[in-house]
Amino acid sequence: MIRWMREQLARSRALRAWLPLVLVVPVLTLDAALSDKGPAITWWRELLLVVGCLPLLLRERLGFALLGPLLTAGIVLALWALEPGETIVVLPMIALATLGARGTRRQSVWAGIGLLPCVMAGVLPFADTTADFLENVVRNSALCLLALAAADVARSRSEATERQAAAREEEARRRMAQERLRIAQDVHDVVAHALVAVNVQAGVAAHLVERDPEHAQEALRQIKATSGEALDELRATLGVLRAGDDDAAPVRPAAGLHDLDELAGALRAAGVRVELDVDEAVQAPAPVHAAGYRIVQEALTNVLRHARAQTVRVRVAGDGEAVRLEVVDDGVGEGAAPGDGRGQGVRGMRERAAALAGTLESGPAPGGGWRVLARLPAQGAPR
């Protein structure tokens, strides 16, 4: 019932405006009926009481500077009509609570400062003695300030909750963007490397199919193995997008720096000599191994695509603080040209290194050819 009432109040502005008036008038009437000081209750006095409460309808539309005088006049009229002296303070409490809930801290402070003259104006005409006047002013002011402060605190908490929710939503969007970038990088690396390797090996097979059938068959077997591995990796990468499949086991273990010989096989099958120098003592967390593997994979893909190299050297070493990856070829030394689609791979390598607070350099090698050098923190990205 309470939840339904809250939903209705949040949905209907007219209900929010009229509900306090509908509830307050009977309360003030009952107070006047129980008091032996006021006049007899008649229909026209009851009508004046309702008129005196009407400024409450404007509490969400007017600021305190305008609402205060109108409400003070309404209080005076209600007191003159029936003298509900004990409960009349409910009117300014409702108005101030609404102001505190929808306004700002600055507006609440100004309302608190302007409250005392309004209370004094409403009490003075009906106070029998000075002591009675001071007692009513202090009591009514305290109750009004309490309502204003409670509403201000509730508003502040609501705003803090909204800020926290917005921050959580922003963090979720950031994490989602990072995950999309990671998936895009993985798909690019897997597909690009596989397709380039298959393309080169298919060219070798087509060239040797009549002159050297044995080597042509070997190139075709390599195509089959490369495409199969690429499909397995692609299934594992895209598997994270399946709803409700977060706990599914991966198709294959994540590749790392100790699996680089698999990448070298594709180049060797294409006629490129690959020299691997991987320090088996390198210790690094799984994210560094995965990122390092992908960086070397993309660098070797670029060798197949652009370098026309005969030899490529891959070196992996660690010094305790960082893992150093170096890929050097003896090809034509041409870098990725902006706008032809080749720059995506270099950008992806840089993004992978930057995600772990590492660095990546790509450019002509000192002795000719092309060189890719990456340094990844041995402990992974700092938290």
Side-chain angles (χ1 to χ4, degrees), residues 2-3 5-25 27-28 31 49-79 84-127 132-170:
I2 296 178
R3 181 178 179 182
M5 195 65 182
R6 286 179 179 174
E7 292 176 353
Q8 296 303 313
L9 286 172
R11 192 176 305 163
S12 174
R13 185 172 183 176
L15 181 61
R16 290 198 307 270
W18 281 95
L19 184 61
L21 187 65
V22 173
L23 296 177
V24 165
V25 170
V27 171
L28 297 181
D31 182 20
L49 177 65
V50 173
V51 173
C53 295
L54 286 178
L56 280 181
L57 298 177
L58 303 174
R59 67 189 187 279
E60 291 190 355
R61 301 184 180 183
L62 300 180
F64 184 78
L66 294 176
L67 183 61
L70 286 176
L71 196 58
T72 301
I75 290 172
V76 171
L77 180 61
L79 287 171
E86 298 298 325
T87 55
I88 195 67
V89 70
V90 173
L91 292 180
M93 287 178 68
I94 293 173
L96 289 168
T98 302
L99 177 66
R102 69 180 176 85
T104 62
R105 179 66 54 81
R106 182 185 182 88
Q107 291 173 331
S108 296
V109 171
W110 282 112
I113 294 174
L115 174 66
L116 185 59
C118 296
V119 172
M120 292 175 65
V123 171
L124 184 59
F126 305 95
D132 186 37
F133 170 74
L134 293 176
E135 178 184 351
N136 285 318
V137 167
V138 171
R139 183 194 63 185
N140 291 354
S141 298
L143 290 173
C144 290
L145 289 174
L146 180 62
L148 183 63
D152 185 76
V153 170
R155 176 186 52 77
S156 298
R157 288 184 177 178
S158 177
E159 290 176 351
T161 301
E162 290 176 0
R163 287 194 298 270
Q164 291 174 357
R168 287 194 296 268
E169 185 176 349
E170 180 63 27

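Given the structure is predicted, the values throughout are model-derived calculations rather than measurements.
Here the shortest heavy-atom pairing between Leu96 and Leu115 reads CD1-CD1, 3.6 Å. Gly100 and Arg155 make their closest contact through O-NE, 3.0 Å (heavy atoms, listed as atom of the first residue, atom of the second, distance). Scanning both residues, Asn136 and Arg139, for their nearest heavy atoms gives OD1-NH2, 3.3 Å. Nearest heavy-atom pair, Leu145 versus Gly112, reported as atom, atom and distance to 0.1 Å: CD2-CA, 3.9 Å. Counting all heavy atoms, side chain and backbone alike, Leu71 lies closest to Ala95 at CD2-CB, 3.6 Å. When every heavy atom of Ala101 is checked against every heavy atom of Ala151, the shortest pair comes out as N-CB, 3.7 Å.
Leu57 CG to Arg59 CZ: the interatomic distance, rounded to the nearest 0.5 Å, is 7.5 Å. Annotation: the span from Leu62 atom CG to Leu70 atom CG amounts to 6.5 Å, rounded to 0.5 Å. Considering CZ of Arg163 and CD of Glu170, their distance stands at 15.5 Å, rounded to 0.5 Å. Here CG of Leu23 is found 8.0 Å from CD1 of Ile94. Values are rounded to the nearest 0.5 Å. Between Ile88 atom CD1 and Leu79 atom CG the span is 4.5 Å, to the nearest 0.5 Å. Atom CZ of Arg102 is separated from atom CZ of Arg61 by 11.0 Å, given to the nearest 0.5 angstrom.
You'll find the side chain of Leu28 reaches within 4.5 Å of the side chain of Cys53, heavy atoms only.
A donor-acceptor pair under 3.5 Å is absent between the side-chain atoms of Arg157 and the main chain of Ala154, judged by distance alone.
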